[in-house]
Protein chains: 4
Amino acid sequence: MAQIGFIGLGRMGFAMSRNLIEASHSVWVYDINPSAVERIVALGGHAAASAAEAAANRDFVVTMLPNGPDVEETLFGAGGVATALAKDTLFIDMSTIAPDMTDKIARGLSAMNIRMVDAPVGGTSEVAERGDLLILAGGDASDVARAHAVFDAVGRQTIHCGENGTGTRTKIVNNFMSTALNILTAETLAFAEGAGLDVARTVDVLAGTTAGRGFVSGAYQRKVLNHDISPEFGLALAAKDLNLALNYAAGLSIPLPVGAAASQIYAIAKAEGFGVNDWSAALETMRRTAALPRMSFDGQ
Amino acid sequence: MAQIGFIGLGRMGFAMSRNLIEASHSVWVYDINPSAVERIVALGGHAAASAAEAAANRDFVVTMLPNGPDVEETLFGAGGVATALAKDTLFIDMSTIAPDMTDKIARGLSAMNIRMVDAPVGGTSEVAERGDLLILAGGDASDVARAHAVFDAVGRQTIHCGENGTGTRTKIVNNFMSTALNILTAETLAFAEGAGLDVARTVDVLAGTTAGRGFVSGAYQRKVLNHDISPEFGLALAAKDLNLALNYAAGLSIPLPVGAAASQIYAIAKAEGFGVNDWSAALETMRRTAALPRMSFDGQ
Amino acid sequence: MAQIGFIGLGRMGFAMSRNLIEASHSVWVYDINPSAVERIVALGGHAAASAAEAAANRDFVVTMLPNGPDVEETLFGAGGVATALAKDTLFIDMSTIAPDMTDKIARGLSAMNIRMVDAPVGGTSEVAERGDLLILAGGDASDVARAHAVFDAVGRQTIHCGENGTGTRTKIVNNFMSTALNILTAETLAFAEGAGLDVARTVDVLAGTTAGRGFVSGAYQRKVLNHDISPEFGLALAAKDLNLALNYAAGLSIPLPVGAAASQIYAIAKAEGFGVNDWSAALETMRRTAALPRMSFDGQ
Amino acid sequence: MAQIGFIGLGRMGFAMSRNLIEASHSVWVYDINPSAVERIVALGGHAAASAAEAAANRDFVVTMLPNGPDVEETLFGAGGVATALAKDTLFIDMSTIAPDMTDKIARGLSAMNIRMVDAPVGGTSEVAERGDLLILAGGDASDVARAHAVFDAVGRQTIHCGENGTGTRTKIVNNFMSTALNILTAETLAFAEGAGLDVARTVDVLAGTTAGRGFVSGAYQRKVLNHDISPEFGLALAAKDLNLALNYAAGLSIPLPVGAAASQIYAIAKAEGFGVNDWSAALETMRRTAALPRMSFDGQ
């Protein structure tokens with residue numbers, strides 16, 4: 001089994017290092033909180049007196065730290081990990097950090113001929129405890145393949161997102177959507193309650209429709225991502241429904257800020273002429289506002 | 001089988017009245033577009049010269065019209081349907097209209113001792129053609145039960161949402177969420193592309209996470225709706241991730257208006273002290289902004 | 001002096017009709033609230049038993065009512081004013097109503113050969129009491145000139161905005177800006193307080209800068225409206241400052257929803273290449289999102 | 001006259017150091033761009049080979065740099081300015097940077113017994129050229145008084161905002177408002193044009209109303225900041241006008257994202273019961289969302 005250095009024993013990191021130990025790896029851990037280290041030692045891990053000691057002469061070194069500057073400091077600060085790494089050590093950063101920082105770290109390690117995979121994870125601490133994390137890996141295919149020794153012990157699925165930096169970027173994009181969707185969900189249920197509806201019954205309805213189940217693996221794949229924007233549900237009708245809701249809520253003094261922001265994109269999409277098209281054509285509107293190259297659509 | 005008057009043969013209404021005919025009901029149809037009427041007659045329906053003629057002496061009269069004022073005018077305008085209805089006719093409005101209008105119509109019919117169910121539908125025109133609509137019914141239980149003769153021919157599922165007006169309200173709330181989610185989905189995929197990611201691979205990731213699959217029948221039912229806001233995923237961490245995404249996107253000049261609106265609700269939630277709680281506590285923040293009575297939470 | 005029918009004695013209408021009486025006009029008033037009518041009679045006005053009686057055989061008939069449907073009903077409902085108007089009466093609607101309704105009313109009156117001016121007012125009830133309203137008039141120049149008999153008694157300034165409907169539209173646009181600016185002002189001062197600043201001192205600062213004094217008759221006239229977007233203050237720098245503020249506020253859990261929405265327009269503007277231009281180039285970005293024809297700029 | 005070190009010769013810094021020279025001060029300048037240094041020397045300044053050389057043994061050292069990390073690096077990086085400063089030198093940072101960075105820099109200098117004033121400026125580069133900047137100074141009163149030797153040469157007005165850090169915070173808050181107002185202004189004029197209005201005439205109207213002239217030194221000082229929220233213009237009416245505008249614009253497919261965000265705050269304010277109060281009561285709503293202590297109002 002592998003020799004692994006693991007730095008960062010927060011709720012996530014603790015669960016992950018325990019799963020590595022249970023998978024029979026030899027794990028040297030370091031954290032600024034000594035009690036977390038002691039608890040891992042009680043489970044069969046090895047205490048390191050410093051991040052550098054945890055990292056020296058391992059097959060893999062994993063960081064699971066709160067913020068990008070923490071990872072940077074751990075690697076490149078005084079007594080940092082980078083100089084302690086053996087040439088054949090694979091460094092794996094599983095923290096969720098800013099893409100610019102991942103890129104900076106990747107450049108710094110590359111200049112030292114150290115291989116790296118950025119591999120932030122999806123899932124809560126409970127998911128981490130079950131070893132069921134989703135791992136979003138960015139790096140060379142051979143490095144990601146090698147990292148499976150680690151990933152398989154902590155996660156149920158690894159997706160190779162592309163080269164270095166794509167793991168971090170995919171995580172950022174995924175969490176962008178989930179954290180915003182959380183607020184949209186909150187708005188919707190507060191709206192239901194304010195409208196006098198039974199919230200539990202409303203949840204049952206939403207759970208069976210696009211509202212509660214999402215578009216991504218349904219309408220989007222079938223329509224706009226397939227270059228087909230013939231109307232399955234017309235964008236102008238969607239805009240009408242949203243404005244109907246906003247007006248009704250305004251009369252009840254129920255704020256719907258996420259929905260109000262969304263309604264403005266429908267206005268842009270209609271001004272662009274997409275009112276007669278499928279509502280998924282909103283993707284092309286958002287792409288244009290970001291100055292991405294124009295998509296082509298079947299029959300247009 | 002039933003005698004049914006059906007008023008409004010747009011894409012949805014056409015498919016629905018065809019399914020009623022195929023279920024062996026006798027269907028009298030009216031639309032301002034004579035060619036739609038002719039096509040229904042060719043399928044075995046009966047042409048009515050006016051809405052009132054379509055409605056006279058039927059078991060059920062169904063309206064499927066674009067806007068609330070259309071339904072009001074059809075019922076109560078000169079030569080309107082309301083006075084043509086037999087006392088034992090059940091009126092079913094399946095249009096998606098403003099709740100205030102549904103309430104006004106329900107009051108008007110009630111004053112004439114006419115029974116009514118508001119029953120807007122979920123699903124696209126293709127879903128309507130397959131007879132697979134979701135029907136959101138508001139009205140007395142006995143009326144909704146009776147209306148199943150109609151509903152079963154056009155839909156796969158009927159949810160009785162409560163008294164008159166709740167069908168319309170549930171539809172409005174559902175479509176609020178789906179139409180806003182459409183824009184959030186568009187933002188997310190434009191963000192992925194602008195960040196240099198492979199969009200198809202990103203879709204695969206999202207399809208397996210809360211981002212793409214929603215909260216409603218998962219985290220929300222387990223946590224905040226269950227009066228439990230102990231942190232499964234901490235609200236302050238969610239806010240941090242969202243702001244990380246917004247900053248990264250700002251640097252790339254990628255607009256994320258829905259996400260930016262959502263981030264402000266996290267600020268309110270954190271100011272209220274929910275940062276340490278589960279991210280689903282955002283529901284309580286939205287409830288408070290709407291001045292709904294405060295929820296109680298376990299252990300608080 | 002003129003014979004004037006005045007319909008609608010809310011806070012604004014009461015003050016306006018009193019000013020008309022004080023200007024020696026003969027004023028017949030009607031309101032659903034009899035006590036308001038009585039108070040006007042006590043000031044020298046004449047009570048009318050109905051809107052139609054107030055309107056019959058006058059030089060001018062003025063409506064000052066809460067909503068568009070009120071004006072429509074007053075004019076065209078049963079016993080409505082429109083049929084009571086003499087052919088040489090000028091009808092003046094001074095209510096703030098939806099443009100579509102103004103257009104509908106104008107068409108209805110035009111079909112009856114009745115002249116109309118839409119003339120909503122700017123100013124609070126205190127301004128109305130002083131006779132200092134701003135009057136935004138839409139209609140033929142000759143009608144607006146004739147209406148000055150009324151306008152001069154209630155306002156300090158009349159702006160002829162164009163043909164019928166432009167008074168209403170100018171009012172809507174003006175109040176759009178002021179009501180949104182109210183929230184931006186509230187956000188800014190809550191931000192100042194949350195940042196630990198002395199609010200009174202901050203107000204003194206804002207009162208001397210573009211922030212508190214506006215762009216409209218300064219930077220915009222000098223730059224973008226003059227087809228000059230060479231940078232006086234660079235758009236990318238403005239975006240940087242706004243994002244600096246949003247990040248600082250996020251760290252303090254201070255919500256800034258209007259500012260967050262604004263930041264997304266900077267992202268679009270930068271994606272369009274306006275980062276190097278004057279910040280007033282944001283106008284062109286907003287124009288493009290509304291699909292207005294492109295502006296030309298000097299030296300481009 | 002004073003001996004001044006000036007670091008950072010961008011458009012703003014160049015104009016400011018020239019004005020210091022013209023005010024007969026001895027000015028040692030440093031910039032990474034040698035041509036800017038040469039141009040200042042041609043005007044009578046002195047070239048320094050490094051930031052530290054510019055800073056050594058001066059009465060005042062001024063930094064005018066793009067970002068916070070630039071100031072930090074200049075002061076505390078290798079060969080940094082902080083160690084070169086004489087004990088009686090007053091350090092003045094006139095850059096616009098994040099408040100957290102100003103605080104960090106102030107702590108660092110304080111630990112070295114170096115006096116500091118944070119003094120970002122308001123005004124464009126043209127204003128800087130005229131020596132008419134607004135200076136927002138944070139620091140001890142005696143230090144700010146001493147810094148007038150510099151401020152009077154580059155600005156027309158200095159406002160002492162409070163202790164160290166308040167200059168930066170006031171600048172951030174001011175620019176928050178101005179940069180957001182820029183977008184609101186752009187929205188408004190695009191709306192006017194899309195509504196078919198003459199834009200120049202609309203600008204004339206706005207220039208005479210609260211919309212174009214602001215609230216800060218008018219309605220806010222008179223009402224909410226004076227603890228008076230009796231209605232001069234009712235908040236619910238303001239909300240009604242804003243929603244009227246948003247609906248009209250939605251029908252024209254004109255996006256108004258800033259206004260849409262603002263409308264949601266009116267919903268919160270109305271839910272809190274402020275609909276009957278003055279529209280400036282929106283301040284209290286924003287204060288509450290930020291969890292600031294509640295204001296008291298006269299007569300409530």
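Below, chains carry the letters A, B, ... as their sequence lines are ordered, and counting in each starts from 1. Just so it is clear, the values below take in all heavy atoms, side chains as well, and ignore hydrogens, waters and symmetry mates.
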What do the steps show when you test C/Tyr220 against D/Thr185 for side chain to side chain contact (heavy atoms under 4.5 Å, CB included), and what is the final call?
CA-CA 9 Å; C/Tyr220 266 63; D/Thr185 306; 3.8 Å; yes
Would D/Arg213 and C/Leu181 count as a side chain to side chain contact (heavy atoms under 4.5 Å, CB included) if you check the C-alpha gap in whole Å, the side-chain angles of each, and the deciding distance to 0.1 Å?
CA-CA 10 Å; D/Arg213 297 165 75 175; C/Leu181 178 55; over 6 Å; no
Test item: D/Phe215 and C/Leu206 side chains (from C-beta on) under 4.5 Å apart, heavy atoms:
no
Would you say the side chain of C/Met286 lies within less than 4.5 Å of the side chain of D/Leu189, judging by non-hydrogen atoms?
no
With a 4.5 Å cut-off on heavy-atom pairs, point out which of [options] contacts chain D the most.
{"options": "C/Pro255, C/Ala269, C/Ala261", "answer": "C/Pro255"}
{"options": "C/Val203, C/Leu134, C/Thr210, C/Ile254", "answer": "C/Val203"}
{"options": "C/Glu126, C/Gln157, C/Glu187, C/Glu163", "answer": "C/Glu187"}
{"options": "C/Leu256, C/Asp204, C/Val199", "answer": "C/Leu256"}
{"options": "C/Thr285, C/Asp100, C/Thr96", "answer": "C/Thr96"}
{"options": "C/Leu235, C/Val127, C/Ile159", "answer": "C/Ile159"}

Check: C/Arg201 side chain, D/His160 main-chain N or O, donor-acceptor pair, under 3.5 Å
yes
For D/Asn182 and C/Trp279, indicate whether the former's side chain and the latter's backbone hold a donor-acceptor pair under 3.5 Å.
yes
Have a look at C/Asn174 and tell me which of D/Thr188, D/Thr202, D/Asp241, D/Thr209 forms a side chain to side chain contact (heavy atoms under 4.5 Å, CB included) with it.
D/Thr209
Evaluate side chain to side chain contact (heavy atoms under 4.5 Å, CB included) for D/Phe176 paired with C/Leu184, printing each intermediate quantity in order.
CA-CA 9 Å; D/Phe176 166 76; C/Leu184 174 58; 3.9 Å; yes
Output for pair (D/Tyr266 OH, C/Ile183 CD1), nearest 0.5 Å, gives 4.0 Å
Using 0.5 Å steps for rounding, measure from the CD atom of D/Glu193 to the CG atom of C/Leu292.
4.5 Å
Using side chain to side chain contact (heavy atoms under 4.5 Å, CB included), reason through C/Met177 and D/Phe191 one step at a time and then give a plain yes or no.
CA-CA 10 Å; C/Met177 187 170 185; D/Phe191 184 17; over 6 Å; no
